[in-house]
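Remarks on the structure that follows.
Each chain gets a letter, A, B and so on, in the order the sequences are listed, and its residues count up from 1.
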Number of protein chains: 2
Amino acid sequence: MPRVEPTDPARPEPESEPASESGSESGSRAERKERTRRAILDAALALAADSNLAAISLRQVAKQVGVVPTAFYRHFGSLELLGLALVDESFRSLRLMLLDVWRHAPEYRDFIDGSLPIVAQHVRENRSHYAFIARERTAGPPRVREAIRHEIDLITRELATDIARSGAAEQYSSADIGLLADLIVSFVVTMAERLVDDPEAEERTLAQARTQLRMLLVGALNWRSREPADGGSR
Amino acid sequence: MPRVEPTDPARPEPESEPASESGSESGSRAERKERTRRAILDAALALAADSNLAAISLRQVAKQVGVVPTAFYRHFGSLELLGLALVDESFRSLRLMLLDVWRHAPEYRDFIDGSLPIVAQHVRENRSHYAFIARERTAGPPRVREAIRHEIDLITRELATDIARSGAAEQYSSADIGLLADLIVSFVVTMAERLVDDPEAEERTLAQARTQLRMLLVGALNWRSREPADGGSR
DNA sequence: CTTGACAGTGAACGTATGTTCACTCAAATA
DNA sequence: TATTTGAGTGAACATACGTTCACTGTCAAG
């Protein structure tokens with residue numbers, strides 16, 4: 001039986017079923033496996049927070065979860081694959097949040113005041129995931145870095161098509177729309193990094209980001225693409 | 001054995017002086033110490049490039065340098081202090097480069113076309129240092145992270161005073177100048193990260209960055225600060 | 001009721017880690 | 001010339017690492 005002696009990793013998992021059993025070994029076989037998997041993901045997330053993924057060990061994770069090191073391999077082939085799983089779940093949640101943002105952005109004016117608080121709230125509620133992404137984006141194993149960059153690229157493209165659709169697509173070349181989307185996403189990534197880094201300063205960070213985003217969009221509104229094939233050959 | 005370092009144990013040290021002695025033990029006592037110190041810094045820089053500072057070991061560094069592990073302590077008390085030294089030397093070089101940039105920026109138009117190539121060249125010639133900064137900025141030991149953030153803050157402030165001096169300081173509140181400087185520095189940091197990440201794409205990255213920086217400055221030129229102390233809140 | 005699948009166990013392995021300590025021996029100082 | 005200094009040595013330590021292997025006990029399918 002799995003012992004639960006280390007720092008209590010009580011599952012705050014939203015169970016659709018009313019958990020009649022308070023013990024840690026309830027549920028079906030598959031449910032128990034999934035619970036261990038979650039515990040491993042959470043433990044890795046917590047341990048990596050004090051340094052980074054490449055600096056933690058399989059044995060530390062296993063110890064924190066309360067299982068023997070070998071049990072790790074039943075769930076992940078390596079720490080790198082664990083990292084990819086964390087990237088996956090981080091961006092799955094992020095994309096759901098972005099659906100809200102897309103919806104609440106009918107005009108440019110509302111775009112900022114409507115979107116930023118939603119993003120900030122999501123960062124606040126998923127701090128460890130954002131911290132993970134911010135760190136591993138530049139310092140993670142190559143495959144993890146690539147996965148994160150790919151996800152951000154996808155988001156940038158979505159924002160670009162959204163700008164092209166709802167904005168004045170006439171005055172911008174499609175290349176310039178892409179560049180604008182990239183500028184915005186890069187800025188929001190930077191802002192998210194700051195929210196993660198210093199949660200206490202959320203209010204100030206947000207106020208500044210709002211002004212900066214407005215500066216940026218003033219630039220966009222006064223922008224005229226010169227030639228069709230200006231700087232962007234795609 | 002997850003990773004190996006097939007690095008040649010030979011000294012790849014670029015000597016500017018015509019080495020009359022082919023051996024590696026010329027010079028005074030202090031010079032020899034300094035040479036070992038440099039070798040340690042370079043070795044750590046190279047080893048961290050495959051993961052990050054927190055993931056490498058004192059022994060790996062010592063092995064790569066070609067000294068016994070204990071010799072490390074004659075130069076640095078810990079890997080963290082080594083990291084701080086690397087931050088220091090990275091930004092010392094960076095600041096020298098920025099002096100050039102400040103000088104060659106009399107107008108906004110020239111600011112972009114004159115500055116970006118200088119920055120790009122510096123990144124190209126100091127790739128390993130920029131890679132180090134980019135990684136450790138988010139994933140390094142806390143004190144290293146803090147040191148990097150502090151250096152970037154100083155640069156941002158310098159840019160702000162430079163904008164206030166040479167630009168039209170009338171139409172912006174001082175707070176907004178700071179926000180604009182932060183916007184620019186953040187963007188350049190992102191651009192530098194990309195140059196480091198994919199040196200092959202330097203030309204395209206630079207072309208896009210030039211357009212994006214122009215978008216950003218169009219925003220700045222059309223910006224009017226609403227109230228003295230506040231941002232553009234409505 | 002039997003049986004196979006399989007999450008988790010526990011020992012064992014060879015190797016790598018940080019740090020200590022007493023030491024050498026050539027250059028710098030006196 | 002005699003002495004001090006200090007960069008680099010090499011052994012030793014306790015601990016941690018990833019990975020292997022044969023195992024156990026229980027849930028679910030046959």
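Residue Val67(B) is classed as a sugar-phosphate contact, given heavy-atom separations below 4.0 Å to backbone atoms only.
Of the charged side-chain nitrogens involved, none lies within less than 4.0 Å of a carboxylate oxygen, so that Arg145(B) and Glu136(B) do not count as a salt-bridged pair. Contact check on Arg38(B) versus Asp42(B) returns a salt bridge, with a Lys/Arg side-chain nitrogen under 4.0 Å from an Asp/Glu carboxylate oxygen.
If you take CZ of Phe72(A) and C1' of dT20(D), they are 16 Å apart, rounded to a whole angstrom. Nucleotide dG18(D) holds its C1' atom 15 Å from the CG atom of Leu81(A), rounded to whole Å. If you measure from atom CZ of Arg35(B) to atom P of dA7(D), you get 15 Å, rounded to the nearest angstrom. What separates NZ of Lys63(A) from C1' of dG18(D) is a distance of 15 Å, to the nearest Å. When rounded to the nearest whole Å, the span between CZ of Phe76(B) and C1' of dG6(D) equals 17 Å. Distance Arg59(B) CZ to dA16(D) C1': 12 Å, rounded to the nearest Å. Here dG6(D) presents its P atom at 8 Å from NZ of Lys33(B), a figure rounded to the nearest Å. A straight line from NE2 of His75(A) to C1' of dC6(C) spans 10 Å, rounded to a whole angstrom.
The backbone N or O of Leu183(B) sits nowhere less than 3.5 Å from a side-chain atom of Ser186(B) that would complete a donor-acceptor pair. Formation of a donor-acceptor pair under 3.5 Å by the Ser115(A) side chain with backbone atoms of Ile112(A) is not found in this model. With hydrogens and angles ignored, the 3.5 Å screen pairs no side-chain donor or acceptor of Glu193(A) with any backbone N or O of Thr190(A).
The stretch residues 46-58 of chain A touches DNA chain D through Ser57(A), Leu58(A), each having a heavy atom within less than 4.0 Å of the strand.
Within 6.0 Å of the CD atom in Glu34(B), the count of heavy atoms belonging to other residues, nucleotides or ligands exceeds 12.
Legend: residues meeting ring pair (Phe, Tyr, Trp, His ring centres under 6.0 Å) with Tyr130(B), ordered by chain and number and at least two apart, are His122(B). For Asp197(B), the side-chain hydrogen bond (donor to acceptor under 3.5 Å, both in side chains) partners are Arg149(A), not counting sequence neighbours. For Arg74(B), the side chain to side chain contact (heavy atoms under 4.5 Å, CB included) criterion is met by no residue, not counting sequence neighbours.
Across all non-hydrogen atoms, the minimal contact from Leu41(A) to Glu89(A) is CD1-OE1, 3.9 Å.
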Spell out protein contact along nucleotides 22-30 of chain C as letters: B when the base is contacted, S when just the sugar-phosphate is, - when no protein heavy atom is under 4.0 Å; keep the 5' to 3' order.
-> ----BSS--
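Side-chain atoms of Phe132(B) and Asn52(B), non-hydrogen and from C-beta on, never get closer than 4.5 Å to each other.
An end-to-end axis angle of 10° holds for the helix from dC1(C)-dG30(D) to dA30(C)-dT1(D), taken from five base pairs per end and rounded to 10°.
In this structure, of dT19(C), dG8(C), dT20(D), it is dT20(D) that holds the atom nearest to the side chain of Tyr73(A).
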